[in-house]
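Whatever order the structure lists ligands and atoms in, that order sets their numbers, starting from 1. Note that the coordinates shown come from a computational prediction; the quantities given were computed from them, not determined experimentally.
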Amino acid sequence: MTFVVTDVCIMCKHTDCVEVCPVDCFYEGENTLVIHPDECIDCGVCEPECPIDAILPDTDPAAEKWLEMNRKYSEKWPVITQQKEALPTAEEYKTIPDKMKFFSESPGEGD
Ligand code: SF4
Ligand code: F3S
């Protein structure tokens with residue numbers, strides 16, 4: 001069991017989620033975050049912290065397609081445990097659907 005970050009996070013990256021994770025299992029890309037599925041303890045505290053509902057439990061049918069993406073990039077990107085400013089594009093992109101076309105494979109800065 002794990003939670004996953006979906007494409008809703010892309011271009012927004014509010015990072016409220018990372019502050020509450022007890023096991024520090026968020027990893028930062030240039031324009032989104034992911035959760036390491038093997039490190040997540042399924043506590044659920046991050047889900048309500050996201051102001052744009054970008055986090056889902058893997059029990060949600062909509063989460064399945066994001067699981068491998070979370071696994072793949074959590075093994076490539078640096079860990080992030082401290083909140084930082086949201087991306088400048090956060091407001092403009094918060095309701096845009098199907099954001100995978102904006103996804104960057106580049107790592108973020110991490111902590
Ligand atoms: Fe971290 Fe808990 Fe969210 Fe998993 S569900 S990413 S352990 S806060
Ligand atoms: Fe992304 Fe929401 Fe966290 S926008 S960075 S999942 S608080």
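Protein N/O/S atoms closer than 2.8 Å to atom 2 (Fe) of ligand 1: Cys43 SG.
In this structure a side-chain-to-backbone donor-acceptor pair under 3.5 Å is present from Asn31 to Phe102. Here the side chain of Asp111 pairs a donor or acceptor atom with the backbone of Thr81 at under 3.5 angstrom. The main-chain N or O of Trp66 is found under 3.5 Å from a side-chain atom of Asn70 such that the two form a donor-acceptor pair. Looking at Thr32, its side chain never comes within 3.5 Å of a backbone N or O of Gly29 through a donor-acceptor pair. Using a distance-only test at 3.5 Å, with no hydrogens or angles considered, a donor-acceptor pair links the side chain of Lys99 to the main chain of Tyr93.
Less than 4.0 angstrom separates some heavy atom of Phe26 from each of these atoms of ligand 1: 6 (S).
Across all their heavy atoms, Glu39 and Asp24 have their closest contact at OE1-O, 4.3 Å. Residues Tyr27 and Trp77 approach most closely at CD2-O, 3.2 Å, considering heavy atoms.
Here the OG1-NZ distance, from Thr89 to Lys13, works out to 9.5 Å after rounding to the nearest 0.5 Å. In this structure, OG1 in Thr15 is found 11.0 Å from CD in Glu49, a value given to the nearest 0.5 Å. Between Asp16 atom CG and Cys50 atom SG the span is 7.0 Å, to the nearest 0.5 Å.
In this structure, ligand 2 sits under 4.0 Å from heavy atoms belonging to Cys9, Lys13, His14, Thr15, Asp16, Cys17, Leu33, Cys50, Pro51, Ile52, Ala54, Ile55.
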